[in-house]
Protein chains: 2
Amino acid sequence: MSQTVDRALSILPLLAEGPADLGQVADRLGVHKSTALRLLRTLHQHGLVYRQSDQRYRLGARLFALAQEAMDNLDIREIAHPHLVRLNEQCGHTVHLAVHEENEVLYIDKVESRYPVRMYSRIGRPVAITVAAVAKLLLADLPEPERRALAQKLDYPLYTARSTPNAAAFLRELEKARHQGWATDLGGHEESINCVAAPVRGADGRVVAAMSVSAPNVVVTADELLTLLPLVRRTADAISGEYSGRTPVEESV
Amino acid sequence: MSQTVDRALSILPLLAEGPADLGQVADRLGVHKSTALRLLRTLHQHGLVYRQSDQRYRLGARLFALAQEAMDNLDIREIAHPHLVRLNEQCGHTVHLAVHEENEVLYIDKVESRYPVRMYSRIGRPVAITVAAVAKLLLADLPEPERRALAQKLDYPLYTARSTPNAAAFLRELEKARHQGWATDLGGHEESINCVAAPVRGADGRVVAAMSVSAPNVVVTADELLTLLPLVRRTADAISGEYSGRTPVEESV
DNA sequence: ATGGTCGTTGCATACATCGCAACGTGCCTG
DNA sequence: CAGGCACGTTGCGATGTATGCAACGACCAT
């Protein structure tokens, strides 16, 4: 809608691929160098890009701060977190919390028992939307026409032999998740990883987030993981209750 | 430099404070509603802002993805990470990695033994620049005039009685760090927390990052923590060697 | 019903952005 | 060492674009 801003913002994903110099930026934007320079300078002033010692530009530090603050503003995360921790203590497996936004599903929290160190590598990253259990729950709650439209637009990469192959299969998965009130991903993303997920609902009953427990085959079989389903659902319901204000934030009675 | 982009980008920190509606954004920008609307729409198209169900705007998901990718592009982090983990295994305390950028110092990695879950709450956040041990090392490496100029510009909040009180004291701290080749923060940020830090240098000898080990008084005294200094310095030197290409990425012989 | 608030649209004007061309600087080459 | 090349930078005039206005429509509360 606004040409100048549009161009300026297009620089960001471009720099996300790696540092670039003025000429490269100008070329890829299809504008004159002087134009690119002015845009980059403005981005620089706001800290969104950084000029490293070799004069090339890369994404700047302010992005981190903004992303942080954006997270802090997601109150669902704050409410859910202690529940996720408790669930993790009970079952020992990796616990995820995800939300849906603009045709993307992304993890906004994660508690991992075994490899705590690698946490940050996933939070904030878009999820494999066609196979992840949490994605199925979040998208299943969309109005039917939107669901169909989205299903058509998506790609269906075959991560494994059990990945959702196409739109029709995906819509069936969503329908199933919708009726069950929970969902699974059995080796659809990575061969040896299974997930069980349950939805978190707001006061109006709409799904606002989804949480899942994931574990590799070598630790527990898919069947064993499914025995955790009641626990996962109870946890999700507890979060729902607190989020929608039904459960007046009590100190765990 | 570019009015339109400048205005658009000013919206981001504004929304970082919390969701806002069109009118609020327009007011705080000092522009007409229709102008703010177009800017917000452009930001929206790029996923930087999100319109929640109550029609208010907040920061969007793309910010997470961008911040992620920005991190991935910091190759110092990738190189350093295994070293941080090893150090953490050896001493058990929290290990930080920080860089300096645009008069800010920020953590870009952290390994924490006891509370892995809260990791994300700090990575990406600016550091208390006047007291943190890593900040002293990073800023000590600046050319003298820049150092003075920066020291004057800073605020010196008294987090504790041992916080650096003013520019003069800060410059003395930097000088000390410069000569020693390491630095400490003994209760300058939080009364009961001590840190020991060492610099990571590039091929040209300039400080490109700094790492630290932090521990609360109740676990180890400041003196005990200081006994870790040789280990911390060795680790930092190992990272320096690998980063500057001196140590050809060997599989730990 | 009705006043008020808020988001949205079309439009004419003013102004900010754009591309151009020229300059400066550093680097490599002949 | 001179010359050429590549790159970032600056000033400027023409054009296109962003701007604010005013009017509309939806929604809520009184």
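In what follows, every heavy atom counts, from backbone to side chain, and hydrogens, waters and symmetry copies are set aside. Chain identifiers are assigned alphabetically (A, B, ...) following the order of the sequence lines, protein sequences preceding nucleic acid strands; residue numbering begins at 1 within each chain.
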Roughly how many Å is it from CE in B/Met1 to P in C/dT17, rounded to a whole number? 10 Å

Min side-chain heavy-atom separation B/Phe170-B/Val131 under 4.5 Å: no

Give me the residues of residues 14-42 of chain A where at least one heavy atom lies under 4.0 Å from an atom of DNA chain D, by number, or none. A/Asp21, A/Leu22, A/Gly23, A/Lys33, A/Ser34, A/Leu37, A/Arg41

Under 3.5 Å donor-acceptor, B/Asp141 side chain and B/Val207 backbone: yes

Nearest whole angstrom, please: distance from the C1' of D/dG20 to the CD of B/Gln3. 12 Å

side-chain N/O B/Thr4 vs D/dA18 OP1/OP2, d < 4.0 Å: no

Considering only heavy side-chain atoms of B/Arg51, the closest of C/dT8, D/dA18, C/dA16 is C/dT8

Closest nucleotide among D/dT19, C/dT8, C/dG19 to the A/Arg7 side chain: C/dG19

Sidechain-backbone polar pair: B/Arg147 side chain, B/Leu142 backbone, donor-acceptor under 3.5 Å: yes

Spacing between A/Gln52 atom CD and D/dG8 atom P, to the nearest angstrom: 13 Å

Mind jotting down which residue pairs meet the salt bridge (Lys or Arg N to Asp or Glu O under 4.0 Å) criterion with at least one end in residues 2-24 of chain B? Sequence neighbours excluded, please. B/Glu17-B/Arg28

For the side chain of B/Ser240 and the backbone of B/Arg201, is there at least one donor-acceptor N/O pair under 3.5 Å apart? yes

Is B/Glu101 salt-bridged to A/Arg62, cutoff N-O under 4.0 Å? no

Value in whole Å for how far the P atom of C/dA16 lies from CG of B/Asp6: 12 Å

